[in-house]
Structures are given as structure tokens and as C-alpha cells.
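Data block below; observations after.
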Amino acid sequence: MTKISTSEIDIVKSETSKIHDVNFKDLSFGKTFTDHMFYCDFENGEWQQPKIVPYQAMTIEPSARVFHYGQAVFEGMKAYKDDDGNVFLFRPEDNYNRINKSAARLAMPEFPKEYFLNGLTTLLKMDKAWVKPGKGNSLYIRPFVIATEPAISASPADTYRFMIICSPAKAYYTDKVRVLFAEKYSRSADGGVGFAKAAGNYAAQFYPTNLAQQKGFQQIIWTDASTHEYLEEAGTMNIFFRINDTLVTAPTSDRILDGITRKSVIQVAQDDGIDTEVRRVTVSEIKEAAINGSLKEIFGAGTAAVISPISAFEHGGKVYDLPDIPNSYADVIKDRILSIQHNLAEDKHGWRHEIK
Ligand code: COI
């Protein structure tokens, strides 16, 4: 693979910007896109010249394998701006490593690190005005890879497109979230693709999540497929439980996404002296803790969701409400992480990556 520098990306700049048509105070998650996008095609066994062009529709043959077999993986990351106008990414190498881990599981080629980081840096410099300062504002970044080969035999493609598109964002969930604990449907299984950000993992959740929404719950906390007794993740976020003063979350496995916000929460909690336990969590212990009052909080953690407190869960036809508590771990940890991301606090673990 030849090493490229930023200047070797083919760039076509948009002649006008759409930014003045956007109301940044009233954004629906993932519906507005910045002026430019990055892409790079894999052909003849190697990644070709990367390009940045105005954000636009593209032409793909209807026979492209992505449409038939879902050979597609993605990432979610964010850029933040401080009050001096400096732009930062948060742990971008972790996203780079994870997209390649996901790609490998779906028999897709590895994307070179220089292309990923140069592509991101150049794109963010061009669309810097779309990153607004202030905690709660960010630019959501969606790198993804799709199988483009026009062929419908059920085998991996020999051509792919890697792309990055960006969308200004506020929080994914604006209110507290009510969840169902899964009792029938499953998100992932041992030896499957649950750990990967494979597009199909998300599509498979839409139907059971629709059913949950009809009952007044926004999300499902998935349980292990074989017994439905162990609480795993919520699909758009990893899940934390506060039992008395201990923060507990499930260990990652081939069924659970190795969330970057998840591991940041664990680290920040430990830095703050909070007892943390990474272990399997059972439905029965959480129900018991809700009944005896030792369950103080449940919250989700993810790039889009940031930290989302959960106000109630349902299992076995019974709803368990959680108390509203002052200085919740969710609030304290969210503030710590946002302060690091927005360059308002010391970055002792080297998580911030400045775009220069
Ligand atoms: C993210 O947090 O980046 C995710 O991938 C969740 C997404 C489905 C909105």
C-alpha cells in the first residue's frame, strides 16, 4: 500500500455552503449533512485515490452486493469545538481499529490508517464551520464501508467503497429513556457479529424496537440469546447499572459492542474513585435491586447517545420505575467526559486528538 499525505486526496470543493440554511438550535439527529464527503474505492485488490467532493447522491448498480447481503459496516464518532475554535476528535484510533475489526468479520478489506486519519482531518478542516462550540453540540461523523461489486452470488465482493459523511448533532435522546428487557427476540449470539458495527445488527432490531415503542418504551436492553437472563447492551448504547454506589456493566464479548464511550465511562468512574465492576449482570438481580431500593440508576453510554439516563424498565409484564436522584453518576460522568471532549478539562489519558 503506498503511503499518502493529506495533499494527495483529490479534492473538489463545494461552490456554495448549505450551512446558512441550517437551524443549529433545532437539529433532528442524522438528517442534515455538511458540505463535503470523503470516499475511497477498493478495486483490483487495493484502495484507490481517496477523494473529497461536495456531499451528493451517488450511483450504484442495483446488483451491488450491499443491497442483497448487507455487507456493510460503519462507525460513529464525533468532533467537538472549544471556545477558541479548536476542533478535536475523541479516541479516533479506537474507531479506526474497530471499523477494521468489523470489516474483517464481514470478509471486507482493511482500510489503511493513513487514509482514515488524513481523510478525517482534511474533511473536518473543510467543514470546520459545521462544528459548533459548547457542551451538547458536536459534529457526528459516520465512516462506513459498503460492498459495491455488481454481482448477486452469495459471496464477498471484490469492490468496496469507504466513505465518511458528517452531520451536526445534539443529544440522540432528549428525554429520559424507558426500556424493555428482552424476553423473546435477540440481538446477537455466540460466534455471531454482535461485537461488530455491522449494518444488519441495527436493522434486525427495528421490528422488536417498534413493538417496544408501541408499548411506550424507546429501547430494548438485549439479553443473552440462550437464556434471556443476562443483560447485555441496548443496541444504540452499552448499559450501566448503579447498585448502591457500585457501577456495574457487562463485559464485552463476541455478542457485545466494545463501546468507546463505555470504556471511557469505566475509566472516568475509576478516576473519580467510584467502585466499578465489569461482570455479567442478571435480570433477576436488577429486578431484586429495584424492589429493595439498591438499584439507584441505569444509564446507557454511546457516541450518539452520550450518557442517557433510563427512567424505567419493564420485564415480565411489570414496570419498575427508577428514582430521580441528585448528583447521579450519569450526570457527573457525562459532565466529566464532555469536559474532556470540549477541551475544558485535563486530558490525562490522551483521548483528545486535535485537528490541525
Ligand atoms: C453511535 O453511537 O455512533 C451509534 O452507532 C448508534 C447509532 C445507531 C445511532
When the side chains of residues 51-61 are checked against the rest of the protein, which donor-acceptor pairs come out under 3.5 Å, sequence neighbours left out?
residue : atom : partner : partner atom : Å
Q56     : NE2  : P54     : O            : 2.8

Closest approach of [X] and [Y], non-hydrogen atoms and distance?
X	Y	answer
K81	H342	O-ND1, 3.5 Å
T223	E229	CB-N, 4.4 Å
W130	D35	NE1-OD2, 3.2 Å
A250	V281	N-CG2, 4.3 Å
P309	A330	CG-CB, 4.4 Å
N137	K132	CB-O, 3.3 Å

Evaluate the side-chain proximity of [Y] to [X]: yes if any heavy-atom separation is below 4.5 Å, no if none is.
X	Y	answer
F38	I9	yes
P143	N95	no
I274	V332	no
V87	L139	no

Across all chains, not counting sequence neighbours, the salt bridge (charged side-chain N to carboxylate O under 4.0 Å, His left out) partners of D335 are K135
Sorted by chain and residue number, the salt bridge (charged side-chain N to carboxylate O under 4.0 Å, His left out) partners of D175 (sequence neighbours excluded) come out as none
Treating [X] as the side-chain partner and [Y] as the backbone partner, does any N or O pair qualify as donor plus acceptor under 3.5 Å?
X	Y	answer
K18	F33	yes
H36	K13	no
S339	A345	no
R65	T148	no
N23	K25	yes

Margin query: Tell me if the centroids of the rings in F74 and Y202 come within less than 6.0 Å of each other.
Written below: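 Yes; Y202 has its ring centre under 6.0 Å from that of F74.
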Inset, instruction - Report yes or no: do W351 and Q267 form a side-chain donor-acceptor pair below 3.5 Å? - result: no
Quiz prompt | Short side-chain donor-acceptor distance under 3.5 Å, Q270 and T276 | solution =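 T276 vs Q270: donor-acceptor pair found between side chains.
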(request) Decide yes or no on side chain to side chain contact (heavy atoms under 4.5 Å, CB included) for Y160 and F111, but give the supporting numbers first. (result) CA-CA 10 Å; Y160 294 89; F111 194 62; over 6 Å; no
Might you confirm whether atom [atom1] of [X] has over 12 heavy atoms from other residues, nucleotides or ligands at distances under 6.0 Å?
X	atom1	value
N292	CG	yes
R91	CZ	yes
K101	NZ	no
I152	CD1	no

My understanding is that only one of I286, D275, I298 makes a side-chain contact (heavy atoms from CB on, under 4.5 Å) with I243; could you say which?
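Testing I243 for a side-chain contact (heavy atoms from CB on, under 4.5 Å) against I286, D275, I298 leaves exactly one candidate, I286.
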Quiz item: Is any side-chain N of the basic residue among K263 and D94 closer than 4.0 Å to the acidic one's carboxylate O?
Solution: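 Between D94 and K263 there is a salt bridge, with a charged N closer than 4.0 Å to a carboxylate O.
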Does this structure show an ion pair linking R187 with E232, if we count only N-O contacts that are shorter than 4.0 Å? no
Value for OG (S294) from CD (E285), rounded to nearest 0.5 Å, stands at 9.0 Å
Quick note, ring-ring contact (aromatic ring centres under 6.0 Å, His included) partners involving residues 231-289, not counting sequence neighbours, are F240-F299
Checklist entry - What side chain to side chain donor-acceptor pair (under 3.5 Å) pairs are there with at least one residue in residues 176-185, not counting sequence neighbours? => result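 Listed by first then second residue: K176-D324.
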*asked:* Applying side chain to side chain donor-acceptor pair (under 3.5 Å) as the test, list every pair that has at least one member in residues 295-304; sequence neighbours left out.
replied: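 Sorted result for residues 295-304: R242-E297.
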Open item on the list: Assess the residue pair V265 and N238 against the criterion (side chain to side chain contact (heavy atoms under 4.5 Å, CB included)); give the C-alpha distance rounded to whole Å, side-chain angles, the decisive distance to 0.1 Å, and a yes or no.
Closed with: CA-CA 10 Å; V265 167; N238 295 104; over 6 Å; no
How are the rings of F181 and F313 set relative to one another: parallel (under 30°), tilted (30 to 60°) or perpendicular (over 60°)?
-> parallel
